[in-house]
Amino acid sequence: MLDIGNTLRRYRDECRYTQQYVANIIGISRVAYRKWENNEVDFALSQLMKIAELYEVPIHQIILHSKFNKNQIMPIQ
């Protein structure tokens, strides 16, 4: 699983945005956005597109900058 949360946090910190500001732009609550940054929930591709538009980067750049977290892989049974 990708660790997109840390990437989102980096972009937000670089732009000096608050979680509330980003949440308002995306149209979700601040608590929901915090869960994204903590990788506690999955989110829709359409929501990731809004993030990419906010930071003016292509979606694939967000994905490429996200680390692969081996601890979150579920084995195939």
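Treat the numbers as computed from the prediction; the structure is a model and nothing was measured. Counting from 1, the numbers follow the sequence of the chain as shown.
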**Report entry** Trace of the side chain to side chain contact (heavy atoms under 4.5 Å, CB included) decision for L48 with W36
**Finding:** CA-CA 10 Å; L48 188 56; W36 287 13; over 6 Å; no
Query raised in the report: Taking all atoms of both residues into account, what is the closest heavy-atom pair of P58 and A52, and its distance?
Result: C-CB, 4.3 Å
Donor-acceptor list for residues 10-17 side chains, cut-off 3.5 Å, not counting sequence neighbours:
| unit_1 | atom_1 | unit_2 | atom_2 | d |
| --- | --- | --- | --- | --- |
| R10 | NH2 | T7 | OG1 | 3.3 |
| R10 | NH2 | H65 | O | 3.0 |
| Y11 | OH | Q61 | NE2 | 3.1 |
| Y11 | OH | H65 | ND1 | 3.3 |
| R12 | NE | E37 | OE2 | 2.6 |
| R12 | NH1 | Y17 | O | 3.1 |
| R12 | NH2 | E37 | OE1 | 3.1 |
| D13 | OD1 | R9 | NE | 3.4 |
| D13 | OD2 | R9 | NE | 3.2 |

Query raised in the report: When rounded to the nearest 0.5 angstrom, what is the spacing between CG in L8 and CG in N39?
Result: 8.0 Å
Query raised in the report: Going only through I, L, V, M, F, W and Y residues with side-chain contacts under 4.5 Å, is there a path from V41 to V31?
Result: no
Requested in this report: Go through the steps to decide whether L54 and Y21 satisfy the test side chain to side chain contact (heavy atoms under 4.5 Å, CB included), and finish with yes or no.
Outcome: CA-CA 11 Å; L54 173 65; Y21 176 78; 4.2 Å; yes
Query raised in the report: About how many Å separate OG1 of T18 and OH of Y33, when rounded to the nearest 0.5 Å?
Result: 10.0 Å
Query raised in the report: Rounded to the nearest 0.5 Å, how far apart are CD1 of I59 and CG of L64?
Result: 12.0 Å
Query raised in the report: Which pairs with one or both residues in residues 44-56 pass side-chain hydrogen bond (donor to acceptor under 3.5 Å, both in side chains), sequence neighbours excluded?
Result: none
